[in-house]
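Worksheet: the structure to be examined is printed underneath.
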2 protein chains.
Amino acid sequence: MARDKGDLLQGTLGMLILKSLAAQELHGYGIARWIEDVTKKSLTIEEGSLYPALRRLEDRGWVSSSWAVSETNRRVRVYTLTRQGRAHLRKEATSWMEHARAISIVLRAEPSYV
Amino acid sequence: MARDKGDLLQGTLGMLILKSLAAQELHGYGIARWIEDVTKKSLTIEEGSLYPALRRLEDRGWVSSSWAVSETNRRVRVYTLTRQGRAHLRKEATSWMEHARAISIVLRAEPSYV
DNA sequence: CGCCAACACCTTGCAAGACTATGCCTAGCC
DNA sequence: GGCTAGGCATAGTCTTGCAAGGTGTTGGCG
């Protein structure tokens, strides 16, 4: 209710992360970049949200991680979508789209609706 | 992340309530009925969410309330959208739609996106 | 060489929002 | 009397995202 313009919609971060990993594995920083890229900066990921979210996803078995070295020669933690993660993403995305559609229908309803 | 199917998308309840009051004043129970009606039950409002939400909206000056007697002859608290509430609804709805659109674009992105 | 920007990870503490569970009361009907 | 539907409300809990703070590395540039 008190969202500011940079903020994400609640409950979408995990889903976006899973989606970012659907095609390729990425490290945390790369996930943030990916999301900002595909949305042309209209969604921004704060690191203080990202890393705790990744931990939650790993706890639930939706992603797994391991240490590696990046192209830029840094030590990075690389995340991979698990089989369950993929299944979950499919379900959650479908359900989210349905709910979002329901809401946007309400919002677009004529004010004169009775 | 752990939403069940009946759940609302976080952050939308206040907005839906404001929208329900855009055309007519309603009492709490009536708001819940209205939302379920226009979404054909695909969104359900729990009373434990509704009343605290109404209080928040009133605290912020977006709705005002008064006691009345319903058609069914019961004591009811009737809510009205204030001028500021109407302005806020317009802004919040616009912003929500934009964010939701950004997210749905990401979700629909080809998994082969790189 | 020293500095700085970009890259990369992480944690603590907080606030918001929605839910569960529970409680109370009334009107109308059988 | 007892039941259902209508109606209001709160306390406590959980999830989530954020702000603020912190650590360290790499590579380029002056």
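Protein chains get the first letters and strands the later ones, always in sequence-line order, with residue 1 at the start of each.
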Do any N or O atoms of the protein come closer than 3.5 Å to N or O atoms of nucleotides 6-8 of chain C, and which pairs are they?
from	atom 1	to	atom 2	distance (Å)
C/dC7	OP2	A/Y29	OH	3.1
C/dC7	O2	A/R74	NE	3.3
C/dA8	OP1	A/S70	OG	3.1
C/dA8	OP1	A/T72	OG1	2.7
C/dA8	OP2	A/H27	NE2	3.1

Return the value, rounded to whole Å, for the distance between atom CD of B/Q10 and atom C1' of D/dT16.
7 Å
Take the protein atom CZ of B/R55 and the nucleotide atom P of C/dA18, then report the distance between them rounded to whole Å.
16 Å
Given the options B/Q84, B/R86, B/K91, B/E92, B/H88 meets side chain to side chain donor-acceptor pair (under 3.5 Å) only with B/E92
Residue pairs fulfilling salt bridge (Lys or Arg N to Asp or Glu O under 4.0 Å) with at least one residue in residues 20-33 of chain A, sequence neighbours excluded
A/R33-A/E36
For atom OH of B/Y79 and atom C1' of D/dC8, their distance in whole Å
8 Å
Not counting sequence neighbours, which residues clear side-chain contact (heavy atoms from CB on, under 4.5 Å) with B/A87? List them please.
B/R90
Could you give the CD-to-P distance, from A/E46 to D/dG21, as a whole number of Å?
14 Å
Take the protein atom CG of A/L8 and the nucleotide atom C1' of D/dA19, then report the distance between them rounded to whole Å.
14 Å
Just the rounded figure in Å: distance from P of D/dT16 to CD1 of A/I17.
11 Å
Looking at residues at least two apart in the chain, or sitting in another chain, which of them share a side-chain hydrogen bond (donor to acceptor under 3.5 Å, both in side chains) with B/T94?
none
Can you list everything that forms a side-chain hydrogen bond (donor to acceptor under 3.5 Å, both in side chains) with A/T39? Sequence neighbours excluded, please.
none
Under 4.0 Å between any heavy atoms, over every strand shown, what does B/S65 touch: base, sugar-phosphate, or nothing? Just pick one.
nothing
To the nearest angstrom, the CD-P distance between A/E92 and D/dT15 comes to 14 Å
Taking OP1 and OP2 of D/dT16, is either one under 4.0 Å from a side-chain nitrogen or oxygen of A/R60?
yes
Quick one: list whatever passes side-chain contact (heavy atoms from CB on, under 4.5 Å) with A/R77, sequence neighbours left out.
A/S65, A/W67, A/Y79
Check the distance between D/dG17's C1' and A/M15's CE and give it to me in whole angstrom.
14 Å
